[in-house]
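Following: one structure in structure tokens, then a few remarks.
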Amino acid sequence: MYKNLINGEWVEGARTTRNVNPSDTRDLVGEYAQADAAQAREAIAVAQTAFSGWSLSTPQQRFDVLDAVGSEILARRTELGDLLAREEGKTLPEAIGEVARAGNIFKFFAGEALRPGGELMPSVRPGVGVEITREPVGVVGIITPWNFPIAIPAWKIAPALAYGNSVVFKPADLVPGSAWALAEILSRSGLPKGVFNLVMGPGSQVGQTLVDSPLVRAVSFTGSVGTGRRIINSCAARQAKVQAEMGGKNPLVVLDDADLDVAVNAAVQSAYFSTGQRCTASSRIIVTEGVHDAFVEKVLAKLRTLKVDHALKAGTDIGPVVDEKQLAQNLRYVALAQTEGGKLAFGGEVVERDTQGFFQMPALITETTNAMTISREEVFGPVANVIRVRDYEEALATANDTEFGLSSGICTRSLKHATHFKLAAQAGMVMVNLPTAGVDYHVPFGGSKGSSYGPREQGSYAKEFYTTVKTAYTAAG
Ligand code: NDP
């Protein structure tokens with residue numbers, strides 16, 4: 001039984017939940033505590049008390065904690081990757097990669113803790129000096145989704161602590177295992193009691209309590225658009241800081257002059273790997289007509305070689321869908337795309353394997369338009385559609401014709417088109433001759449339009465959210 005962490009103590013929840021392996025539903029990963037609203041309030045109060053001490057901690061103390069956490073995560077990447085693959089369903093190499101990313105993020109923010117910076121400048125008035133400094137915000141509520149069970153918590157928790165905040169962390173109900181393992185490492189890192197608290201439990205109770213509590217001064221959320229928008233509104237109403245990373249409908253443009261092997265690799269990688277369960281997945285592939293048929297043929301040839309199976313089996317390219325509900329959602333979108341006129345060129349069906357899991361073949365839907373539902377809404381599964389366009393201008397207009405703006409990609413050998421696309425793509429991240437998914441840990445991450453709200457996450461830009469600015473004036477003499 002895995003418990004919640006409140007004020008440095010492991011405590012039972014109001015109930016428990018079963019964490020089940022989506023590659024094999026007979027495999028129970030563990031029983032995890034479920035907090036209720038009262039326990040969430042207790043964690044918030046504890047974090048509030050602990051804030052006063054931690055906000056005054058030295059850069060060295062913060063560095064030591066974060067560096068130790070990063071080192072342990074990196075040293076245990078295979079074991080933690082195994083746990084992650086088992087509870088979430090991405091393949092073992094993908095899961096180990098995610099764990100390593102989490103370790104590197106802690107290392108990066110250990111360094112950031114030593115570089116708080118500040119500005120000193122003369123006043124416009126004689127004999128007065130001005131200092132501009134950054135201060136921690138207070139108690140930060142962190143709410144994370146199931147698709148990156150350790151990397152997303154890491155890229156929120158590490159900067160929160162590095163800049164002197166205390167944390168109440170609520171992971172996704174579906175995948176509490178990696179979150180618990182991270183909390184366990186943090187519990188031995190030298191952090192004072194109550195600075196970091198873990199409250200596993202339902203979003204409607206535990207998450208909502210974090211969003212509504214006047215003691216929680218900032219909420220960092222990643223997840224669905226619907227939940228994200230509700231959280232943004234609630235936090236704005238009580239003037240709390242809020243940062244939300246939500247969905248995407250990320251386009252990958254392939255032009256006639258693209259290197260087809262590069263384009264096919266970028267499309268298959270970002271549409272289907274990690275079972276398509278990435279907010280940066282390219283689910284809309286926009287291809288100019290001169291290369292459309294050859295591109296589709298090559299994607300189909302590649303798809304025929306991919307193995308869908310148990311996430312921990314050697315040689316698996318695509319693991320299972322995370323659960324039954326997500327699988328049903330994927331199947332609904334595949335059916336709807338055909339009803340609206342798309343052609344199912346490959347896959348999409350549920351397949352059986354040696355173990356009882358949620359296995360779905362990657363689906364490629366061709367002959368689609370940008371107006372169809374499949375081009376408008378995030379599926380969040382191994383499902384992509386191809387849209388045929390005349391030329392670069394139509395490709396760009398189609399890529400931008402979406403309410404989202406997270407990641408946008410182009411495959412081309414033309415410097416002119418690549419340069420123009422980087423300027424004109426309405427997205428927070430632009431990729432040239434690369435998959436739309438797969439980003440570095442030391443630079444900002446986030447989107448425009450309906451995909452994101454609030455300051456950027458990751459890299460040194462994270463300080464914008466996790467600190468507030470103070471301007472102090474001193475008269476000389
Ligand atoms: P949600 O947005 O519902 O969940 C994300 C996080 O928010 C979870 O920790 C969840 O808790 C929590 N939460 C839920 N309700 C509230 C609330 N009222 N107040 C505060 N926190 C809350 O996404 P799901 O995980 O349910 O996934 C649903 C769909 O969202 C997916 O099918 C996919 O389409 C999309 N999605 C998009 C992601 C992205 O990065 N773009 C990531 C994950 C999902 P709990 O787990 O307990 O419900």
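The analysis underlying the following values was restricted to heavy atoms, covering all of them including side chains, and did not include hydrogens, waters or symmetry mates. These figures come from a predicted structure and were not determined experimentally. Numbers here are sequence positions counted from 1. Counting starts at 1 for both ligands and their atoms, in listed order.
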Heavy-atom proximity to atom 17 (C) of ligand 1, picking from Gly207, Ser451, Gly203, points to Gly203
In terms of its nearest heavy atom to atom 1 (P) of ligand 1, the top option of Ser224, Pro171, Gly226, Gly223 is Ser224
Ranked by distance from atom 40 (O) of ligand 1, the top protein heavy atom is Cys279 CB, 3.2 Å
Within 4.0 Å of some non-hydrogen atom of Gln326, the atoms of ligand 1 are 31 (C), 32 (O)
When distances are taken from atom 8 (C) of ligand 1, the protein heavy atom at minimum range is Thr144 O, 3.4 Å
*Salt bridge or not for Arg376 and Glu403, using N-O below 4.0 Å?*
no
Would you call Arg26-Asp24 a salt bridge at under 4.0 Å N-O?
-> yes
Is a donor from one side chain sitting under 3.5 angstrom from an acceptor on the other, for Thr436 and Asn250?
no
When rounded to the nearest 0.5 Å, the distance separating CD of Glu31 from NZ of Lys3 is 13.0 Å
NZ (Lys170) and CG (Leu210) are apart, to the nearest 0.5 Å, by 8.5 Å
Checklist entry - Would Lys156 count as a cation-pi partner of Phe169, with NZ or CZ less than 6.0 Å from the six-membered ring centre and within 45° of the ring normal? => result no
Atoms of ligand 1 under 4.0 Å from any heavy atom of Asp173, numbered from 1 in the order shown, are 45 (P), 46 (O), 47 (O)
Honestly, for Ile231 the part within reach of ligand 1 (heavy atoms, under 4.0 Å) is side chain
Does Phe221 come within less than 4.0 angstrom of ligand 1, counting non-hydrogen atoms of the residue?
yes
Under 4.0 Å from one or more heavy atoms of Gln208, ligand 1 contributes atoms 17 (C), 18 (N), 19 (N), 20 (C)
Of Trp146, Phe380, Phe404, the residue with the heavy atom nearest atom 34 (O) of ligand 1 is Phe380
of all protein heavy atoms, closest to atom 43 (C) of ligand 1 is Pro145 CB, 3.4 Å
With a 4.0 Å cut-off, strictly under, does atom 4 (O) of ligand 1 pick up any protein heavy atom?
no
- prompt: Does NZ or CZ of Lys107 fall inside the cone over Tyr441's six-membered ring, less than 6.0 Å from its centre and within 45° of the axis?
  reply: no
(request) Look at atom 25 (O) of ligand 1 and say whether a protein heavy atom is found at less than 4.0 angstrom from it. (result) yes
Quick test of your reading of the model: are Arg101 and Glu98 salt-bridged, counting only N-O distances below 4.0 Å? no
Near Thr222 (heavy-atom distance under 4.0 Å), the atoms of ligand 1 are 5 (C), 40 (O)
Say whether, by atom type as modelled, one donor and one acceptor occur between the side chain of Gln243 and the main chain of Phe221 under 3.5 angstrom. no
Between Phe148 and Gln277, the two heavy atoms sitting closest are CE1-O, 4.4 Å
- May I ask you to say whether Lys193 pairs ionically with Glu9, meaning some side-chain N is under 4.0 Å from a carboxylate O? yes
One finds that the ligand 1 atoms under 4.0 Å from a non-hydrogen atom of Thr227 are 1 (P), 2 (O), 3 (O), 13 (N), 14 (C), 15 (N), 16 (C), 22 (C)
For Ala172, the atoms of ligand 1 under 4.0 Å from one of its heavy atoms are 9 (O), 46 (O)
dist Asn21:CG -> Gln356:CD (nearest 0.5 Å) comes out at 11.5 Å
Quick note on ligand 1: atoms under 4.0 Å from a heavy atom of Ile143 include exactly 6 (C), 7 (O), 9 (O), 12 (C), 20 (C), 21 (N)
Quick note on ligand 1: atoms under 4.0 Å from a heavy atom of Gly247 include exactly 41 (N)
Short version for Met246: what comes under 4.0 Å of ligand 1, heavy atoms counted, is backbone
Check: Between Asn197 (side chain) and Gly194 (backbone), is there a donor-acceptor pair under 3.5 Å?
Finding: yes
Establish, yes or no, whether a centroid distance under 6.0 Å links the rings of Phe196 and Trp54.
-> no
When distances are taken from atom 10 (C) of ligand 1, the protein heavy atom at minimum range is Lys170 CE, 4.0 Å
Going by the 4.0 angstrom heavy-atom rule, the piece of Asn147 near ligand 1 is side chain
Gly201 near ligand 1, heavy-atom distance under 4.0 Å? yes
So for Gln329 against ligand 1, with non-hydrogen atoms under 4.0 Å, the contacting part is side chain
